[in-house]
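Chain naming here is simple, since letters A, B, ... match the order of the sequence lines and numbering starts at 1 in each.
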Amino acid sequence: MGRFWAIFFSLAAVVTVGFTAIGAEYWWFPGDGHAHTTLGKKIDDLFYLILIIVAVTYIGTHIVLGYVLWRGAEIRKDEKVWFSHGSHALEVIWTIVPSGILLFIALYQMDVWRNYRVKAYFPKKTAAVAEVTARQFEWRIRYPARGKTLQPRPQPDDIYTVNDIRVPAGQPVSISLRSDDVQHAIFVPELRVKQDAVPGLVIPVWFEVTETGTYDMVCAELCGWGHYKMKARVIATSEEDFEAWKINAAKEQFYDGVPATPDAVAAKADEK
Amino acid sequence: MLRCKMTLPSWSSLLWGACLVVLTVGCSQNPEAQFAWRDTTLDLLPKAREGVQGAIHDAFGTPHDLVAWDKLPVDFGGVQGAVQPAAEGETLSATQFHVKWDGPSAGIGAGSELLWMTGALAKSKHPTAMVVKYDDATKTIELKTKGDAPAAGDRVSVGYGQQLQLGRAVYMKNCNHCHGVAGDGHGPTAQYLNPRPRDYRLGLFKFTSTLSSEKAAREDLERIITNGIPGTYMPSFLLLGNNDGGKEKAAVVEYIRWLAMRGEMEKRLVDELSGDYSQTSLDAEAVKSKKSYEEAKVEYDKARKAGNKEAEKPEPAKSASQLKKTAGEELKKYLDEEFAGTINDTSEFIADAWKRADDPASRIVPTVARVADDAASRERGRLLYMSDKAKCYTCHGAKGRGNGAAIEDFWKKPGSNETYAKRGLHDTWGNPLSPRDLTRGQYRGGRRPIDVFSRVYAGIKGTPMPAFGGTVLKDSDIWDIVNFVMSLPFEESVPSAKPASAPHMAATESVGQ
Ligand SMILES: [Cu+2]
């Protein structure tokens, strides 16, 4: 019977690791599995580092567990057993080793954390592209006019979109995150961007998208019954396309109905 | 209609899938969706109610069994075409032939319904058939039918009604919980919202690009659905049917137009009948009859006491059942002789109005481009805003903060002598409504200059905000006002030029409407 448990626990380790490995093939990070921002790649590196540490610890623990159970089952009647309980040396070791690991992680990630959250450590040329205001249950976005910088208060020539964040790829950009009502959180999984929007605060979030494309965005803070509806997208384009989009968006937004669309012109002509 | 459907991303989530299935088995037991009737419909005498409900049911069906009535200007979907002649030396088969389509045909597939529009089959016992296979490359269609072979050139329609069905699916998933199954604005979440979700059943939409007498164009509805209505709970559905080329959005636009037509048809038919054939009208009549009898009786008693032997004994008051009987007889005559005509006229009236809305001639097109947005134009705009011609300040306030004198008054309900219980303005649906605070820079109907121009030109339909275009203000005046209004959010403080003796509006006078 004792051997059964030894085999059971060893197998449990093999099965869980195996499942994880196979599952990762199908069900891993969204999109192509890679981060699409510079900082996201560093965050992924941290994630994988921690994953490796945890995997090694997990597998090691199970090997030891299996060994102990196996040995325990083999003990003869006359054999003397060794009680580790109360061993001072062991306790010190398994306090110091994990603390060391945790301390290492805490210090090692500091750089990324600071770079992500502390404004003084944002990349030097970060351009503020838009103000993103979360509200129940959509995202309203305000951009400065072409060639201007984002102002804290709305300007007459600002450009507006809804559920649609446009940014140029290949350069650090930041958005000013606000909330109109309750707490929300912006979450763009493929860009590894996640940040709470807190009523009364304007929180800058920077990122540098590495590949142009369209990325899904959702709300990650349960904000009310329509929380699940807060779907949006981030469209990262080349600098030129971004400028071209802005020119077009401004034209559309300041459209005064003249000249009217072709069919309206035709109708006016008919009237005469 | 609401079926339970789950797609599992991969086998590794099967475990989760299993748990979810257990949790969601209840979801197939949703109560069956139904189009709710108006209170006034339910108040009709039974025969009148059956008449209205029957007419609406015939023309529109139920949420589970939609009727695509070709009289309505709704794009029900599907494609039409003509049967191609058979190859040399062959005869046309009843079950397989080629069709030349008028439009894109890629949407046809197994299960689509085919309808013969011309030729012998259209008049035969088998005017419809089911598509079993379709190949869009060769335009070959295979049918399951008991009918004969068609002749070359016969016209067919395939998938008629498909767009309405798609619209229903999109609507039930995204809009129903606010706007309600019948589009009555009574979805389960509606009670928490202010302003209330739109009740489509008056056929009335606020933010349109059409003249003040016209309904909403398809384009207006689509714009609202895409952009949402900022400052209200109407969310943006920008990503609805993402990457389907606008199919779902177009379908839901048709569906809400269809719901609006259904609602308006019901309302107009009921309004036709409720004056004479509703419980409320009978009750009122009984009360009136009793009162006039009592008055006459007093007179009579007085006359008798005075010794007048000739005084005529008043006729006894009509009982409720007597009144009901007379009304029932009149109603029967009306239903037999005139109601079919009323249904026909009403549907034609509604169909025409919706058809006109998409006509370019109904669209607001400024005769002049936006007047240069400079200090002089804004000043002209401000003077107009404060003038007695436009009277904007009476509602929106001298500083545009939405606090004009109108919000202090008690207003009369349209078409009656009663006033609303609450102070301030109300919309046509009877909900309290504040004039917009123009300093906040929030434009529910859109912030393009043409949007604000249209709001002032045609008013905001279904609200007390009146139309100024064409009659009261010239297009260039409206542009000056637009320039002034759109500058308000950016003014530190608007120099108030409120005339010292601003005429206070009398409570009984309604502006514009
Ligand atoms: Cu949210």
For the pair A:W225 and B:H177, evaluate side-chain contact (heavy atoms from CB on, under 4.5 Å) and give the outcome as yes or no after the intermediate values.
CA-CA 11 Å; A:W225 59 264; B:H177 70 86; 3.1 Å; yes
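Using a 4.5 Å cut-off between heavy atoms, A:E25 makes no contact with chain B at all. Within the 4.5 angstrom heavy-atom criterion, only side-chain atoms of B:T189, from C-beta onward, approach chain A. For a residue to count as touching a neighbouring chain, one of its non-hydrogen atoms must lie under 4.5 Å from one of that chain's; by this rule B:V368 touches chain A with the backbone only. Only the side chain of A:R140 comes within contact range of chain B, judged by heavy atoms closer than 4.5 Å. For B:P230, the parts lying under 4.5 angstrom from a heavy atom of chain A are both the backbone and the side chain.
Contact check for B:Y233 versus A:Q136: side-chain heavy atoms found under the 4.5 Å cut-off.
For A:E138 (side chain) and B:P235 (main-chain N/O), no donor-acceptor pair under 3.5 Å exists by modelled atom type. Panel note: side chain A:D256, backbone B:R370; a donor-acceptor pair is recorded below 3.5 Å.
Atoms CZ and CG, from B:F490 and A:D157 in turn, are 8.5 Å apart once rounded to the nearest 0.5 Å.
Remark: B:R447 does not engage A:E252 in a salt bridge, criterion side-chain N to carboxylate O under 4.0 Å.
Other residues, nucleotides and ligands contribute at most 12 non-hydrogen atoms within 6.0 Å of the NZ atom of A:K231.
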